[in-house]
Amino acid sequence: MPDRRRAPRRRTRGLAARVRPGHLVLVLDVGPGGALLEGVRPLRPGAEVEVQFDLGTQRIRVGATVVRCSIAMLDPHRGPTYRSGIAFEAAFDWTREDTTQRGYGVPDPHDRRASRDHGSAK
């Protein structure tokens, strides 16, 4: 399947988000045009959603449309895990902050070293 993204995405490490009305998801990768989310509930393709990214002390909300959703894994005890591709309503440039412009990945809010390094770049 060809990659149809308009801009490259960056892998994340443990970045959490919430899809309204509060379903917790893991952000696998993100870019200015969209993201790949993983969670225990399916998102209906074509649905308009609001996603809240938790970046340590900062919360960013953005509107998006679900482009695709599929089962990524089946666990006999926990059930299915879904992966959903979403397209943001508008370009979402927080992924291009100072550290990412220099070629680093999206800062991990749980990594103290990354938080310290990112804070000193400002």
Side-chain angles (χ1 to χ4, degrees):
M1 174 183 246
D3 189 355
R4 296 176 290 177
R5 296 178 184 149
R6 292 183 202 140
R9 291 202 188 160
R10 291 181 167 75
R11 295 210 180 275
T12 63
R13 293 172 293 164
L15 179 61
R18 293 196 179 275
V19 176
R20 293 264 189 190
H23 306 297
L24 187 62
V25 294
L26 182 64
V27 182
L28 300 178
D29 66 32
V30 65
L36 180 62
L37 310 177
E38 185 174 89
V40 296
R41 296 181 186 232
L43 299 177
R44 184 177 50 82
E48 294 181 7
V49 295
E50 181 180 275
V51 182
Q52 177 179 303
F53 294 94
D54 295 321
L55 304 172
T57 59
Q58 186 180 15
R59 289 189 176 147
I60 299 173
R61 290 186 180 148
V62 63
T65 301
V66 179
V67 177
R68 62 178 161 38
C69 183
S70 62
I71 295 176
M73 179 175 39
L74 283 173
D75 183 277
H77 303 289
R78 291 182 281 173
T81 298
Y82 297 91
R83 284 197 179 164
S84 301
I86 61 170
F88 300 135
E89 291 176 355
F92 191 47
D93 288 335
W94 70 271
T95 60
R96 297 182 192 188
E97 293 175 352
D98 294 341
T99 56
T100 58
Q101 288 179 358
R102 291 191 303 264
Y104 301 109
V106 174
D108 180 355
H110 305 293
D111 182 358
R112 291 182 187 163
R113 187 190 67 207
S115 297
R116 182 181 67 243
D117 294 344
H118 180 65
S120 65
K122 289 185 176 181

Which other residues end up in the same hydrophobic cluster as Y82, if Ile, Leu, Val, Met, Phe, Trp and Tyr are linked when side-chain heavy atoms come under 4.5 Å apart?
I71, L74

Please identify which of these residues, L28, V19, L26, meets the side chain to side chain contact (heavy atoms under 4.5 Å, CB included) condition with L37.
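Between L37 and the candidates, side chain to side chain contact (heavy atoms under 4.5 Å, CB included) is satisfied uniquely by V19.
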
Result for side chain to side chain contact (heavy atoms under 4.5 Å, CB included) between P42 and one of S70, P80, C69 points to C69

Return the set of residues passing side chain to side chain contact (heavy atoms under 4.5 Å, CB included) with T81 (not counting sequence neighbours), or none when no residue passes.
E38, M73

List in chain and number order the residues that pass side chain to side chain contact (heavy atoms under 4.5 Å, CB included) with A17, two or more places apart in sequence or in another chain; answer none if no residue qualifies.
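Residues passing side chain to side chain contact (heavy atoms under 4.5 Å, CB included) with A17: V25, V27, V51, F53.
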
What's the separation between atom [atom1] in [X] and atom [atom2] in [Y], rounded to the nearest 0.5 Å?
X: R61; Y: D54; atom1: CZ; atom2: CG; result: 9.5 Å
X: T65; Y: E48; atom1: OG1; atom2: CD; result: 5.0 Å
X: R68; Y: R83; atom1: CZ; atom2: CZ; result: 9.5 Å

For R41, check salt bridge (Lys or Arg N to Asp or Glu O under 4.0 Å) against everything at least two apart and list the hits.
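Scan of R41 (salt bridge (Lys or Arg N to Asp or Glu O under 4.0 Å), adjacent residues dropped) gives none.
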
Please identify each residue that fulfils salt bridge (Lys or Arg N to Asp or Glu O under 4.0 Å) with R44, with sequence neighbours left out.
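Scan of R44 (salt bridge (Lys or Arg N to Asp or Glu O under 4.0 Å), adjacent residues dropped) gives none.
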
Quick check: closest heavy atoms across L36 and G85, and the distance to 0.1 Å?
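Reported closest heavy-atom pair: CD1-N, 4.2 Å.
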
Atom of F88, atom of P32 and distance for their closest heavy-atom approach
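What the structure gives for the nearest pair is CD1-O, 3.5 Å.
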
Going by side-chain hydrogen bond (donor to acceptor under 3.5 Å, both in side chains), name the residues that satisfy it together with E89, two or more places apart in sequence or in a different chain.
none

